[in-house]
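Hydrogens, waters and symmetry mates play no part in the numbers below; they use all other heavy atoms, side chains included. A note on names: the letters A, B, ... follow the listed sequences, proteins ahead of strands, and every chain is numbered from 1.
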Amino acid sequence: MQKDGLEAIIMEICNPIIYHFLRSLKNNSQTITIFELQALFLRHFKKMPSQYYLFLSLALFCIGVMGVLMRRNAIIILMCIELMLNAVNLLLVTFSKMYNDPNAQLFVFFIMVVAAAEVSIGLAIIVMMYRKVHSIDVHILNRLKN
Amino acid sequence: MLILLLILVPFIGGLASFLFGEKMAYAWAVFTSLLTLAIAGTAYYFYSQATHTTDLSFDCPWIESIGSTFSLSMSDGLSVLMIGLTGLLFPCVFISMQNKQPERKHVFYGLMLLAQAGLIGVFLAKDALLFYLFWEVALIPVYFLSSMYGGPNRIPVTFKFFVYTFVGSLVMLVALLIIYNHTPVHSFSWDAFVSVGRSLPEADQSWLFWMLFIAFAIKMPVFPFHTWQPDAYEQSATPVTVVLSAIMVKMGLFAVVRWLLPIIPLGSIHWMNVVLLLCIIGVVYASCMAMVQTNIKRLIAYSSIAHIGLMCAAIFSYSNNLLGVQGAYIQMFNHGINIMGLWILVSIVENRLGTQDLREMGGIAKIAPRFTIALVLISLANIALPLTNGFVGEFMMLNGLFNSISTYRMVFTIIAGLGVILSAVYTLGMIQKVAYGELNEKTASMKDLTMNEWIILLVIMGIILFLGFYPNALMLLVDTP
Amino acid sequence: MNAIVLSGIWGVVMMFAGLFLKSSKQIQWTALLGIIALLVVSILDYQAHSVQAQTYFGMMTIDVYTSWFSILITACCAMYLLIFHKDIAAVGKNEAEYFALIFFVMCGVYLLASYSNLLILFLGIEILSIPQYILAGSDKENIKSNEASLKYFLMGAFSTGLLLMGMTLIYGATGSFDITSEKFVGQFEQLSSMSSLSFVGILLLLISFGFKVSAAPLHLWTPDVYDGSPTAFTPFMATIVKVSVFVAFIRLFHFSFGNVSDAWQIAIASMIVLTLIIGNVTAVYQQSLKRMMAYSSIAQAGFMLFSIFAVNSTLAYKGILLYSVVYSLASIGVFAVIIKMKDYTYDGFNGLAKKQPVLAFTATVCLLSLVGIPLTGGFFAKYFVLSAVVEQGKYIWIVVFAVLMAAISAYYYFRVIRSMYFKTGEAAMHTEPTTWDKTLLILNAMIILLLGVLPSLVFG
């Protein structure tokens with residue numbers, strides 16, 4: 001059977017289930033509810049190996065680290081730190097699912113709470129700094145040295 | 001308990017001196033040092049009678065978890081000699097200072113007494129950790145003393161001295177720790193160190209030897225490590241210089257005898273020739289340097305390096321008949337007495353004339369006969385003329401060197417003998433420049449010795465002559481090392 | 001155990017005290033009362049937990065060692081508050097809040113001392129760090145203080161991210177956060193069976209730890225933060241907080257990762273070498289005493305790292321206890337003198353011995369202790385951590401290197417002594433010390449000297 005365009009890509013990359021699902025959608029031209037779609041995707045993602053999540057969250061984490069190291073704007077650095085924390089959260093949830101262990105999800109809540117506290121402090125410090133030097137460029141800190 | 005008092009009396013006396021204030025300081029210092037001398041005398045009496053031997057050692061658990069005991073002992077002739085020297089030296093120095101008191105007396109005498117406590121501790125300690133502790137503790141008061149009192153350039157010079165010794169002693173600490181870790185039940189006691197150190201393989205011993213020897217060599221000082229010494233002696237106040245040169249350098253020699261040779265025997269024999277070479281180079285080099293000095297304090301400093309070099313060589317000679325080591329023991333005591341006499345004379349000259357430059361002196365013999373008598377006699381003892389105390393020791397040391405097991409013993413002995421001749425050259429030159437020649441306007445107003453100085457110098461001269469005529473008094477102590 | 005609760009509660013009490021108590025004196029007395037109460041409670045805890053006990057659903061393990069450490073660190077904090085309470089109140093308007101934040105930090109310290117779950121470790125580190133960001137910036141008008149605060153915050157938050165990633169990866173390898181559980185212990189039984197996830201996790205934890213204790217090459221924030229923060233808070237950050245992080249991580253690295261020490265020991269070794277070199281050599285070139293003390297705290301961290309380096313040695317545990325106490329007291333003693341001065345440069349100290357002999361004497365004792373001269377506690381502190389390494393038989397070279405670095409440290413510490421005693425000058429004072437201050441400083445110096453003669457007192 002010759003397939004073209006999107007169908008071929010989906011056939012190649014994704015699970016055949018989705019392919020059949022799309023086929024049935026086309027032929028019958030029947031409307032389906034969002035819930036059915038969700039259920040379908042969930043069923044599919046359960047089979048997705050957890051390494052994918054590991055790589056995704058490590059990629060996010062690395063983006064965060066690079067952002068902290070390379071950006072100059074204090075707010076963006078703060079956001080990159082948040083990105084790092086959220087990468088950790090994603091990974092924790094993955095492992096939680098993998099081990100069937102709720103502890104890790106609990107950990108996620110703690111991280112969220114602490115991150116919120118940290119951000120509130122951090123923003124206050126940035127505002128304090130901004131009032132003094134009218135800039136949130138961290139490179140200005142090096143100029144202030146000594 | 002008696003032996004504990006030897007440390008406690010000067011230690012508490014020193015602390016009390018800080019609290020008593022300036023008025024009492026001098027009398028208190030003299031009293032404390034005389035009391036220490038009396039205790040040392042009593043201890044010597046017990047030692048010679050071989051009674052009350054329990055009084056001559058002290059043991060109590062200190063840090064049990066690492067196997068360290070607070071153990072002091074006056075067990076052999078060498079420590080008796082060193083304690084005697086230390087006990088004798090401090091009252092002499094104090095009394096000779098009566099005419100010219102330093103500023104802030106209570107600080108000065110307090111630090112001096114603390115230094116005495118540390119020095120006595122070094123000579124008594126039978127526990128490696130305790131030994132290290134006293135070794136450093138003796139240094140700190142001396143550092144403060146020579147930084148606070150002395151010549152204009154004293155602060156950097158003293159700091160150089162401090163850094164040299166501190167680096168050396170830290171490396172020594174690592175070496176002690178390594179040996180400690182080889183002891184079967186993890187003990188710091190001297191006996192455990194000796195038994196475990198002997199059994200170490202020669203390869204280990206040969207580098208452990210240098211870790212320990214460098215620390216001791218800096219203190220002595222042996223030739224390449226001596227650069228701190230002339231500056232420090234020149235810049236420190238003379239009473240401090242006495243402590244430095246008469247006792248602190250003996251700490252290095254003492255440590256070699258007590259903590260190096262028995263513990264690292266194979267390493268010591270392995271490196272014997274190198275050490276002997278360094279010592280002999282030191283003797284010749286320092287003698288030559290002494291001849292060209294114009295500053296009297298630097299001259300005596302270099303002469304001290306030369307003498308110490310010979311003593312160190314004798315200790316490392318490993319002669320068959322033990323004469324070398326015994327001679328070194330005797331000479332350690334005698335050199336302490338002689339150099340103290342010389343420094344007291346130098347301080348008298350310096351205080352009265354206001355200069356250390358030999359070129360500005362001369363003719364003192366005409367107006368100060370007592371001073372000249374003392375100068376000549378003590379200088380002759382320094383050259384080791386027969387019938388002075390220096391002769392016996394020097395003779396035994398050269399004899400020991402000649403009988404050394406080293407393959408190059410002939411060369412070493414001949415060059416060391418040359419050093420003795422050189423010492424006569426520079427010492428006699430010094431006498432000539434100070435005492436004879438023409439009077440100049442500076443020396444014309446020189447006063448002769450006052451009563452207290454005369455008494456101290458008479459005591460010193462008495463010891464010199466007594467030990468010159470009757471060296472057996474010391475020989476009995478060192479006969480069975 | 002009760003100390004954790006009390007420190008949290010007393011933090012809240014202090015915040016209310018700021019509302020209701022009008023006089024600054026009363027607030028200070030409340031804080032002092034709190035720290036004394038904390039000390040008493042931790043002593044009671046110690047007596048109650050003579051055997052190992054697990055609490056909080058097994059998330060915390062309290063044994064003799066941790067509760068004894070709690071007592072010691074509380075005592076150090078009490079000494080800090082006693083000496084500095086006036087200076088803390090003088091930093092800004094919100095004096096009660098500063099004390100409250102200090103109590104919150106103490107809460108984090110207790111958590112770190114006795115966690116047995118990575119979650120508590122994380123919470124402890126955060127409770128420890130977040131109040132410090134505020135304390136660093138508490139001098140709001142001073143731009144250096146602001147800068148210190150921002151720098152500290154960004155670095156701290158970044159290292160928190162690394163810490164969490166490390167924990168998560170270790171969780172991914174083991175399936176448990178509980179460091180005493182079988183799953184966790186089994187993973188780190190031997191190097192060959194350890195998964196690469198935990199390897200990366202350990203390295204990330206190590207990096208984060210390096211940030212917190214300012215070990216090179218992760219020390220770059222330290223001088224600016226310690227220098228910029230109000231002088232009243234710098235000793236707190238440099239001593240009590242730092243040593244608590246050490247005690248926290250020594251547990252993790254020795255108990256949990258001790259069997260796989262080959263994986264991380266070389267990293268610690270390179271950290272030690274870099275920290276000692278950078279800390280000591282840079283300290284030599286400083287002109288300001290406060291900045292010099294910042295670099296010296298880096299250098300001292302290098303020595304404390306030895307206790308982690310010497311795996312599973314009882315000497316290392318004893319060493320870190322003694323080092324914590326002695327280093328804290330000595331640094332507090334030096335800073336107590338610095339804060340009294342008008343000029344923080346070396347020349348500002350010229351002639352202090354003539355003007356204020358007591359201050360000069362206590363500072364000298366503290367400085368000698370930091371160098372590691374015998375008869376002061378600093379000698380035995382260095383002795384124990386170094387002999388823990390010598391005991392292992394290998395890596396002697398690093399010990400020799402460390403003692404040479406200690407000799408370099410003598411240079412800059414003795415420079416202060418030289419200024420105080422051997423040089424003449426004005427030594428202008430910012431505030432004149434009262435008799436009470438002097439008594440406390442002498443007490444502090446006496447404790448250091450006592451520990452130099454009888455170090456076994458801190459081993460409990």
Side-chain angles (χ1 to χ4, degrees), chain A residues 50 53-54 57-58 61-62 64-65 68-69 74 77-78 80-96 98-101 103-104 106-108 110-111 113-115 117-126 128-133 136 138 140-146, chain C residues 59 117-120 122-123 125-127 129-134 136-137 140-178 183 197 200 204 221 223-224 227-228 286-288 291:
Chain A
S50 49
Y53 290 99
L54 181 61
S57 67
L58 281 182
F61 187 79
C62 290
V65 170
V68 171
L69 296 180
I77 293 179
L78 203 53
C80 289
I81 291 171
E82 286 301 304
L83 189 60
M84 287 162 66
L85 296 187
N86 282 322
V88 171
N89 285 348
L90 176 62
L91 194 56
L92 275 172
V93 173
T94 313
F95 285 139
S96 166
M98 199 168 95
Y99 289 118
N100 247 333
D101 176 20
N103 276 333
L106 209 72
F107 206 116
V108 170
F110 276 98
I111 293 179
V113 171
V114 168
E118 212 166 44
V119 165
S120 62
I121 301 282
L123 285 176
I125 291 171
I126 292 173
M128 181 173 75
M129 194 75 199
Y130 182 75
R131 282 191 186 145
K132 270 274 175 237
V133 295
I136 49 170
V138 290
I140 209 164
L141 297 181
N142 292 334
R143 269 180 270 145
L144 289 174
K145 211 177 228 172
N146 288 322
Chain C
M59 288 178 123
N117 192 303
L118 292 180
L119 175 59
I120 302 290
F122 162 64
L123 284 181
I125 293 258
E126 284 305 292
I127 296 175
S129 311
I130 292 178
Q132 284 189 79
Y133 307 148
I134 311 172
K140 283 197 272 188
E141 302 307 313
N142 185 349
I143 196 159
K144 279 177 85 177
S145 173
N146 294 353
E147 178 205 337
S149 176
L150 184 57
K151 220 171 219 178
Y152 202 5
F153 168 73
L154 290 176
M155 284 301 168
F158 180 55
S159 81
T160 302
L162 298 178
L163 177 82
L164 280 172
M165 196 43 148
M167 285 179 182
T168 308
L169 291 179
I170 287 173
Y171 174 72
T174 60
S176 170
F177 286 117
D178 188 349
K183 278 190 259 177
L197 274 187
V200 180
L204 283 173
W221 58 273
D224 291 342
D227 193 21
Q286 301 307 315
Q287 291 308 317
S288 151
R291 218 173 159 78

Given A:Phe61 and C:Thr168, is the side chain to side chain contact (heavy atoms under 4.5 Å, CB included) satisfied, shown in steps? CA-CA 12 Å; A:Phe61 187 79; C:Thr168 308; over 6 Å; no
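- Across every non-hydrogen atom of A:Ala117 and C:Ile130, the tightest pair is CB-CD1, 4.4 Å.
- Contact check for A:Ile111 versus C:Phe122: side-chain heavy atoms found under the 4.5 Å cut-off.
- Heavy atoms of A:Leu92 lying under 4.5 Å from chain C belong to its backbone as well as its side chain.
- Without hydrogens or angle criteria, A:Lys132 side chain to C:Glu141 main chain gives a donor-acceptor distance under 3.5 Å.
- Under the rule for a side chain to side chain donor-acceptor pair (under 3.5 Å), the partners of C:Ser129 that lie at least two apart in sequence or sit in another chain are C:Lys212.
- Across A:Asp101 and C:Gly175, no two heavy atoms sit closer than the pair OD2-O, 3.8 Å.
- Atom CG of residue C:Leu154 and atom SG of residue A:Cys80 lie 11.0 Å apart, to the nearest 0.5 angstrom.
- Across all non-hydrogen atoms, the minimal contact from A:Phe107 to C:Leu119 is CE1-CA, 3.6 Å.
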Could you please spell out the steps behind the side chain to side chain contact (heavy atoms under 4.5 Å, CB included) verdict for C:Lys151 and A:Val138? CA-CA 9 Å; C:Lys151 220 171 219 178; A:Val138 290; over 6 Å; no
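- For chain C, no part of A:Leu106 is nearby; none of its heavy atoms comes within less than 4.5 Å.
- Using a 4.5 Å cut-off on side-chain heavy atoms (C-beta onward), C:Phe158 and A:Ile77 make no contact.
- A:Ile121 CD1 to C:Tyr133 OH: the interatomic distance, rounded to the nearest 0.5 Å, is 9.5 Å.
- Contacts between C:Leu123 and chain A at a heavy-atom distance below 4.5 Å involve the side chain alone, from C-beta outward.
- To the nearest 0.5 Å, atom OH of residue A:Tyr99 and atom NZ of residue C:Lys183 are 8.0 Å apart.
- When side chains are defined from C-beta on, A:Met128 does not count as touching C:Leu150, because their heavy atoms never get closer than 4.5 Å.
- For the residue pair A:Ile81 and C:Ala157, the shortest heavy atom distance occurs at CD1-CB, 3.6 Å.
- Heavy-atom distances place both the backbone and the side chain of A:Val65 under 4.5 Å from chain C.
- Proximity to chain A is limited to the backbone of C:Thr174, based on heavy atoms less than 4.5 angstrom apart.
- The distance from the CD atom of C:Glu147 to the CD1 atom of A:Ile125 is 12.5 Å, given to the nearest 0.5 Å.
- Among residues two or more places apart in sequence or in another chain, the side chain to side chain donor-acceptor pair (under 3.5 Å) test is passed with C:Tyr152 by C:Gln132.
- Interface remark: of the candidates A:Ala104, A:Ala115, A:Ala87, A:Ala104 forms the most heavy-atom pairs closer than 4.5 Å to chain C.
- Residue C:Ala148: no heavy atom, backbone or side chain, is found under 4.5 Å from chain A.
- A 4.5 Å side-chain heavy-atom check between C:Thr160 and A:Val114 finds every atom pair outside the cut-off.
- Heavy atoms closer than 4.5 Å to chain C are found nowhere in A:Ala124, neither backbone nor side chain.
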Take A:Leu54 and C:Leu169 through the test side chain to side chain contact (heavy atoms under 4.5 Å, CB included) and record every step on the way to the result. CA-CA 9 Å; A:Leu54 181 61; C:Leu169 291 179; 4.3 Å; yes
Test side chain to side chain contact (heavy atoms under 4.5 Å, CB included) on C:Asn146 and A:Val133; report intermediate values, then the result. CA-CA 10 Å; C:Asn146 294 353; A:Val133 295; over 6 Å; no
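- Under the 4.5 Å side-chain criterion, counting only non-hydrogen atoms from C-beta, C:Tyr171 is not in contact with A:Leu91.
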